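Below: one structure, written as structure tokens.
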Amino acid sequence: MARPTPLSGFPELLPSARLVEQHVLDVLREVFELHGFSNIETRAVEPLSVLLRKGEIDKEVYVVRRLQAEAGEESGSSDDLALHFDLTVPFARYVTENAGHLQFPFRRYQIQKVWRGERPQEGRYREFTQADIDVVDRGTLAVHHDADMARVMGEALARLPLPGVTLQVNNRRLVEGFYRGLGLEGDVLTGSIGATMRAVDKLDKVGARGVADLLAQAGLTQAQADGALALAQVRAGAGDLVASVRALGVSHELLDQGLEELLAVLTAVDDLPADRVAVVADLSVARGLDYYTGTVYETRMRGWESLGSICSGGRYDALADDGRDVYPGVGISLGVTRAIIPLLGKGAVRASRPTPTVVVVAVADEAHRRDADRVASALRARGVAAEVSPTAAKFGKQIRFADRRGVPFVWFSQEDGSHEVKDIRSGEQVLADPASWLPPAADLRPTVVLPEA
RNA sequence: GUGGGCGUAGCUCAGCUGGUAGAGCGCCGCGUUGUGGUCGCGGAUGUCGCGGGUUCAAGUCCCGUCGCUCACCCCA
């Protein structure tokens, strides 16, 4: 069979890269659980009607159907199954389905693959892993949860083997109120307010002049466009946010509410290590997804801004609704694949070795393989990952076997029942006992290394 | 979905106005008769993405196709 070519957008990692990814997943799980999030896994598919509920028909959704469809079974109907394209919509469905069994406010984390049929590029994949945290309540959801999401994800980001990040926070109520104060009107999504938000969201890409052009096209007056652009250019911390916005001289009830909420988020994250996770109010951030209502988050890695946001989310006051109750939520989602594959590709992060093995037990000849098995078992019993050499080749080859895969130690057993272990990096070889020998702690497991740092 | 670039050895790539395929690294062997790495010597490896066309002759030119990749759009 001819060698298959890679499938664009469906990345597969080599063992050493996968080790880095697994480390990331381990850290995320640990941090999320420390903050009391329960884990769930939802099925990979949802009825198309659930995924498209928000009217986002343009989503590149993968539909799943049997190769041999039943007679009368047509594709394109709302009953078709489709692969989920995020974890938030399936979570909303899960909440309404299981509301009777859940305690609210419900905190959950979810780390799964998602699928989007978009054109792949660096940092953009068709199959990728997201790590989501969300809090959902019944009726109303207190605002302090908005800050909590930023703090939990910030703590996780600070502990991951990533460059420092900037967590950009904004509030849609603030922005909408500001625009209404400028005299803009209409529906948030379809009217000039929505158009203005989408234009302003491109500030970092097309610049102030580009945004001004877009705003003119959207029919804003010069004064309105100037005001919207001035707001979008605000970058502030907890100390100067209110003054920066007030200085623009616009007032509206919604603006006041949003400003208060945004300030609450900024002041609640002051315990994050600023060198790893800087949290700033960035009033140009709008987010495309239409169901966000208040706080919105985006995250960029310093030095890797071209990847776009690696971690985004926000508040949705009515994402889930079972007809009797409404379930507001707030959450944030880390694009694990987007964050780490580019780093791996450019060598900015790697594993110390590609296998978990610490010791290769040499086999003198096949008649002594069982002896080697017993040595390996004794080592494993104390948590030392050991594998027995696959061949009884010359010792030089067995050492080379270990060296090639970065295994630091090779074990030799003598005919007289004594044992020696060799550190193949230094060449040092010493007497050792299978029942008690341990490697240095730093060698026990593969580690993640940052060559730059 | 729209537009650009690129497909040659395991990897990175060279290959001119057409003349029957190369380098570096890696791999294998020997020097080194059961302790690797360095060094030296030797060796193996290609449907030149695929299909068709032009030609005495195609990796090279033409057409088509598939794949990868970059940008736009959008997003993690």
Side-chain angles (χ1 to χ4, degrees), chain A residues 1-11 14 24 28 56-61 84-89 110-133 153 157 162 165 198 201-202 205-206 210 285-290 292 296-301 304 306-314 331-342 345 360 362-366 368 389 391-415 420-430:
Chain A
M1 179 173 140
R3 188 160 58 148
T5 57
L7 247 187
S8 175
F10 294 85
L14 290 171
V24 167
L28 291 172
E56 304 194 35
I57 319 224
D58 54 79
K59 279 285 179 203
E60 294 284 354
V61 171
H84 55 227
F85 59 82
D86 71 7
L87 300 178
T88 307
V89 172
Q110 199 171 340
I111 303 175
Q112 289 181 237
K113 289 278 172 61
V114 305
W115 294 268
R116 293 183 192 176
E118 297 180 277
R119 272 270 204 278
Q121 271 176 49
E122 177 171 64
R124 275 178 73 177
Y125 309 93
R126 290 174 160 168
E127 176 179 77
F128 60 98
T129 300
Q130 281 194 328
D132 264 49
I133 52 173
M153 192 58 89
L157 289 167
L162 305 176
V165 302
R198 283 189 293 276
D201 198 36
K202 298 183 196 300
K205 210 158 201 172
V206 301
V285 169
R287 311 284 306 125
L289 293 178
D290 62 10
Y292 292 121
V296 289
Y297 317 94
E298 285 199 355
T299 311
R300 290 188 157 69
M301 289 195 287
W304 299 79
S306 64
L307 287 179
S309 176
I310 60 159
C311 185
S312 319
I332 187 165
S333 173
L334 170 65
V336 174
T337 311
R338 167 173 288 185
I340 64 174
I341 287 190
V360 167
V363 177
D365 55 75
E366 288 301 334
H368 288 84
S389 174
T391 66
K394 290 200 287 191
F395 285 147
K397 287 197 179 175
Q398 296 191 49
I399 291 169
R400 193 167 65 184
F401 169 85
D403 190 31
R404 291 259 167 85
R405 49 196 73 196
V407 176
F409 295 96
V410 178
W411 191 280
F412 298 99
S413 300
Q414 264 64 246
E415 202 58 57
E420 294 184 355
V421 66
K422 178 190 185 84
D423 182 331
I424 63 179
R425 294 159 302 189
S426 64
E428 186 188 15
Q429 185 165 330
V430 297

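Below, chain A is the first sequence line, B the second, and so on; all start at residue 1. Here the structure is a predicted model, which is why all the values come from computation and not from measurement.
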Between A/R404 and B/C27, is there a side-chain N or O to OP1/OP2 distance below 4.0 Å? yes

I'd like the C1' distance from B/C50 over to B/G36, given in whole Å. 44 Å

note: A/Y297, atom OH; B/A76, atom P; distance rounded to Å ~ 14 Å

Detail all sub-3.5 Å separations between protein N/O atoms and N/O atoms belonging to nucleotides 41-45 of chain B.
none

Please assess A/Q130 against A/D86 for the test side-chain contact (heavy atoms from CB on, under 4.5 Å), listing each intermediate value before the final yes or no. CA-CA 8 Å; A/Q130 281 194 328; A/D86 71 7; 3.9 Å; yes

Could you measure the distance from the NZ atom of A/K113 to the OG1 atom of A/T337? Nearest 0.5 Å is fine. 7.0 Å

Could I get the full list of side chain to side chain contact (heavy atoms under 4.5 Å, CB included) partners for A/K202, not counting sequence neighbours? A/V206, A/L214

Test salt bridge (Lys or Arg N to Asp or Glu O under 4.0 Å) on A/E298 and A/R300 and set out the steps. CA-CA 7 Å; A/E298 285 199 355; A/R300 290 188 157 69; 3.0 Å; yes

Quote, to the nearest angstrom, the P distance that separates B/U60 from B/G53. 14 Å

What distance, rounded to whole Å, do you find between the two C1' atoms, one in B/A58 and one in B/U2? 33 Å

From A/D423 CG over to A/E428 CD, what is the distance, rounded to the nearest 0.5 angstrom? 7.0 Å

If the P atom of B/G49 is compared with that of B/A14, how far apart are they to the nearest Å? 14 Å

For atom CD of A/E60 and atom P of B/U2, their distance in whole Å: 12 Å

Starting at the 5' end of RNA chain B and moving along, which residue's nearest nucleotide shows up first, A/R300 or A/P120? A/P120

Please give the distance between the P atoms of B/A23 and B/U45 as a whole number of Å. 13 Å

Per atom distances to the A/S8 side chain, the nearest of B/G1, B/C74, B/U69 is B/U69

For A/L307, which contact category applies under a 4.0 Å heavy-atom criterion: base, sugar-phosphate, or nothing? nothing

Give the rounded distance in Å between these two atoms: CH2 of A/W304 and C1' of B/A76. 16 Å

Checking side-chain contact (heavy atoms from CB on, under 4.5 Å) for the pair A/V363/A/T391: CA distance, chi angles, key distance, verdict? CA-CA 7 Å; A/V363 177; A/T391 66; over 6 Å; no

Evaluate the side-chain contact (heavy atoms from CB on, under 4.5 Å) criterion for residues A/C311 and A/M153: first the C-alpha distance (whole Å), next the side-chain angles of each, then the deciding distance (0.1 Å), finally the verdict. CA-CA 9 Å; A/C311 185; A/M153 192 58 89; 3.4 Å; yes

Between B/C68 and B/C56, how far apart are the P atoms? Round to whole Å, please. 38 Å

Is there a side-chain contact between A/V360 and A/Q398 in this structure, where contact means two heavy atoms from C-beta onward sitting under 4.5 Å apart? no

Apply ring-ring contact (aromatic ring centres under 6.0 Å, His included) to A/W304 and list each qualifying residue two or more places apart in sequence or on a separate chain. none

Select from A/G9 and A/S309 the residue whose nearest nucleotide in RNA chain B is closer to the 5' end of that strand. A/G9

Looking only at atom C1', what distance separates B/G29 and B/U65, rounded to whole Å? 43 Å

Using whole Å, what does the distance between atom P of nucleotide B/A76 and atom CD of A/E298 come to? 8 Å

Need one value for A/K113: base, sugar-phosphate or nothing, where a base atom within 4.0 Å counts as base even if backbone is also close, heavy atoms only. nothing

In whole angstroms, the gap separating P of B/A76 from NE2 of A/H84 amounts to 14 Å

Rounding to a whole Å, what distance do you find between A/Q121:CD and B/U69:P? 10 Å

If I compare all heavy atoms of A/V24 with all of A/I340, which pair ends up nearest, and what's the gap? CG2-CG2, 4.0 Å

A/R119 CZ to B/G3 P, in whole Å, measures 10 Å

Rounded off to whole Å, could you give me the CD-to-C1' distance for the A/Q112 and B/A76 pair? 15 Å

Is there a residue in residues 331-340 of chain A whose heavy atoms reach under 4.0 Å of RNA chain B, and which residues are they? A/G335, A/R338

How far does the C1' atom of B/U20 sit from the matching atom of B/U55, given to the nearest Å? 14 Å

Counting the atoms with a prime plus P, OP1 and OP2 as sugar-phosphate, which does A/Y125 contact under 4.0 Å by heavy atoms, base, sugar-phosphate, or nothing? base

Parallel, tilted or perpendicular, as decided by the 30° and 60° cut-offs, for the rings of A/F412 and A/F395: perpendicular

Decide side-chain contact (heavy atoms from CB on, under 4.5 Å) for A/V336 and A/F128; before the verdict, give the C-alpha distance in whole Å, the side-chain angles of both, and the deciding distance to 0.1 Å. CA-CA 8 Å; A/V336 174; A/F128 60 98; over 6 Å; no

Letter per nucleotide, 5' to 3', of nucleotides 31-38 of chain B [B base touched, S only sugar-phosphate touched, - untouched; heavy atoms, 4.0 Å]: --SBBBB-

Tightest non-hydrogen contact, residues A/I111 and A/L28, listed as CD1-CB, 4.2 Å

On the ring face of A/F401, is A/R404 found with NZ or CZ under 6.0 Å from the centre and within 45° of the axis? no

Cation-pi between A/R425 and A/F409: NZ/CZ under 6.0 Å from ring centre and within 45° of the ring axis? yes

For A/E415, I'd like to know if atom CD has over 12 heavy atoms of other residues, nucleotides or ligands within 6.0 Å. no

Per-residue pairing states of RNA chain B in dot-bracket (Watson-Crick or G-U under 3.5 Å; . unpaired, | other strand) read (((((((..((((.....[..)))).(((((.......))))).....(((((..]....))))))))))))....

